[in-house]
Amino acid sequence: MALSGKVAVVTGGAMGIGRAITETLLQSGATVVLLDVNESAAKSLLDDLHKVYGRDRTLFLSCTVESEEQVKAALQKTVDTFGGIDILCNNAGILNEGEWEKTVSINLLGVIRGTYVALQHMNKLTGGRGGVVINTASMAGLGPLLSCPVYTASKHGVVGFTRAMAAASKASDYGIRFNAVCPGFVQTDLISNTKLKLGQFSHLEDATNQLMAEMRMLAPSEVAACVLELATDETKNGEALMVFAQGKQYVTFPTL
Ligand SMILES: NC(=O)C1=CN([C@@H]2O[C@H](COP(=O)(O)OP(=O)(O)OC[C@H]3O[C@@H](n4cnc5c(N)ncnc54)[C@H](O)[C@@H]3O)[C@@H](O)[C@H]2O)C=CC1
Ligand SMILES: CCCCCC(=O)/C=C/C=C\C=C\C=C\[C@@H](O)[C@@H](O)CCCC(=O)O
């Protein structure tokens, strides 16, 4: 299988897109460590996964991506347990325009933190074996969602950070590829009760619901399939892969 022998870490791996990524990577032969704050969801998922994949290829570690200490401990435990890290999926994210600092802290700072801590373990220049980092951005990382400006900013930041890290890694010979997956609307808890999550922009919910209807919904598994493509296609570095209900498309960015 494409990922046999590989060790993957998935943040926000207990639910939604992260759960689908976890399952897809396991199906492809990887060992998967899922980091999440929702212990009940994670433990329920692990029970299901153990029945299908056995107990030796999955591990759940309670960890918030907001904590440097917890991320460092989780990634060290991963290396101590499975010998290294080959794939990092910085997937954890929230929608909360009312608590916008928390949105930035998780969606952007959490991606930066996970990347920088994993770099110490994955970088070929510091004893790592290289690999790939796939960041879950969004279509809102490529164009504005008027009802959630801070969420939009966080996802634009993820796209920019990913592309810059890809260039830095290539120039520095880290041996690590960096890519972003940019889904449209996906049927998960994140987009439930959006009116409560839009803060001062809740009056714009209808406009977003109209966009949601036009773009149609994706299943988490469709996003996970694109993550698998970015993980396994070693020609992909610095890419942003858009995922629509109608298909997928790599972004062509302007050459400045
Ligand atoms: N649902 C959608 O329409 C889209 C979602 N995305 C992005 O996909 C990613 C996953 O979102 P969904 O699966 O939709 O949401 P979800 O709410 O179903 O799952 C998010 C997971 O992240 C975990 N999480 C939240 N805060 C955390 C933290 N501080 N540390 C560790 N784990 C944490 C949650 O417990 C949950 O298991 C997010 O980055 C989101 O922005 C991108 C485009 C579309
Ligand atoms: C309600 C928040 C959803 C959070 C989950 C998520 O990330 C979903 C994203 C789905 C689609 C985003 C599409 C963005 C489209 C806009 O950029 C586009 O309609 C802008 C139109 C032209 C303009 O520049 O105003």
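All values below come from the heavy atoms of this structure, side chains included, with hydrogens, waters and symmetry mates left out. Whatever order the structure lists them in is the order used to number ligands and atoms, beginning at 1.
Heavy-atom proximity to Phe185, at under 4.0 Å, picks out these atoms of ligand 2: 3 (C), 8 (C), 10 (C), 11 (C). The contact set between ligand 2 and Cys148, taken as ligand atoms under 4.0 Å from a residue heavy atom, comprises 2 (C). Every atom of ligand 2 is numbered from 1 in the order shown, and the set under 4.0 Å from a heavy atom of Leu95 is 2 (C). Which parts of ligand 2 touch Ser138 is read off a 4.0 Å heavy-atom cut-off, strictly below it: atoms 6 (C), 7 (O), 8 (C), 9 (C). Using a 4.0 Å cut-off to heavy atoms of Leu190, the atoms of ligand 2 that qualify are 4 (C), 5 (C).
Between the side chains of Glu205 and Thr194, a donor-acceptor pair is found at a separation under 3.5 Å. At a cut-off of 3.5 Å, with distance as the only test, a side-chain donor of Gln210 or Glu214 sits close to an acceptor on the other residue.
One option in Leu190, Asp189, Val186, Leu145 has a heavy atom closer to atom 15 (O) of ligand 1 than any other, and that option is Leu190. Which of Asp36, Asn135, Leu95, Asn38 comes nearest to atom 37 (O) of ligand 1 through a heavy atom is settled by distance: it is Asp36. Considering only non-hydrogen atoms, atom 43 (C) of ligand 1 lies nearest to Pro183 out of Ser67, Gly141, Pro183, Cys89. Across Gly143, Gly184, Pro144, heavy-atom proximity to atom 18 (C) of ligand 2 is greatest for Pro144. When Gly93, Ala137, Pro220, Gly16 are checked for heavy-atom proximity to atom 42 (C) of ligand 1, Ala137 turns out nearest. Here the shortest heavy-atom distance to atom 38 (C) of ligand 1, taken over Asn91, Thr136, Leu109, Thr11, belongs to Asn91.
Ranking the protein heavy atoms by distance from atom 41 (O) of ligand 1 puts Tyr151 OH, 2.7 Å first. Distance from atom 25 (C) of ligand 1 to its nearest protein heavy atom, with residue and atom name: Ile94 CG2, 4.0 Å. If you check which protein heavy atom lies closest to atom 32 (N) of ligand 1, you get Ala92 CB, 3.6 Å. Annotation: atom 1 (C) of ligand 2 to nearest protein heavy atom, Thr208 CG2, 3.5 Å. With hydrogens left out, the protein atom closest to atom 14 (O) of ligand 1 is Thr188 OG1, 2.5 Å, a heavy atom. Protein heavy atom closest to atom 13 (C) of ligand 2, with residue, atom name and distance, is Met139 CB, 3.8 Å. Nearest protein neighbour of atom 6 (C) of ligand 2, counting heavy atoms only, is Tyr151 OH, 3.4 Å. Looking only at protein heavy atoms, the nearest one to atom 27 (C) of ligand 1 is Val37 CG2, 3.9 Å.
Relative to the six-membered ring of Tyr250, Lys236 meets both conditions, a distance below 6.0 Å and an angle of at most 45° to the axis.
Using 4.0 Å as the threshold, Gly110 has no heavy atom nearer than that to any atom of ligand 1.
For atom 22 (C) of ligand 2, no protein heavy-atom neighbour is present inside the 4.0 Å cut-off.
Shown here are the side-chain hydrogen bond (donor to acceptor under 3.5 Å, both in side chains) partners of Thr235, two or more places apart in sequence or in another chain: Asp233. Shown here are the salt bridge (Lys or Arg N to Asp or Glu O under 4.0 Å) partners of Arg129, two or more places apart in sequence or in another chain: Asp86.
Note: no N/O pair closer than 3.5 Å links Asn107 and ligand 1 by distance alone. Considering backbone and side-chain N/O atoms, Ser138 never comes within less than 3.5 Å of an N/O atom of ligand 1. Residue Val65 places at least one N or O, backbone or side chain, under 3.5 Å from an N or O of ligand 1.
Proximity of Ile17 to ligand 1, defined as any heavy-atom pair under 4.0 Å, is shared by backbone and side chain alike. Heavy atoms of Met139 found under 4.0 angstrom from ligand 1: none, in either backbone or side chain.
Salt bridge status for Arg177 with Glu234: absent, with no side-chain N to carboxylate O gap under 4.0 Å. Salt bridge Lys102/Glu66: present, at least one basic N to carboxylate O contact under 4.0 Å.
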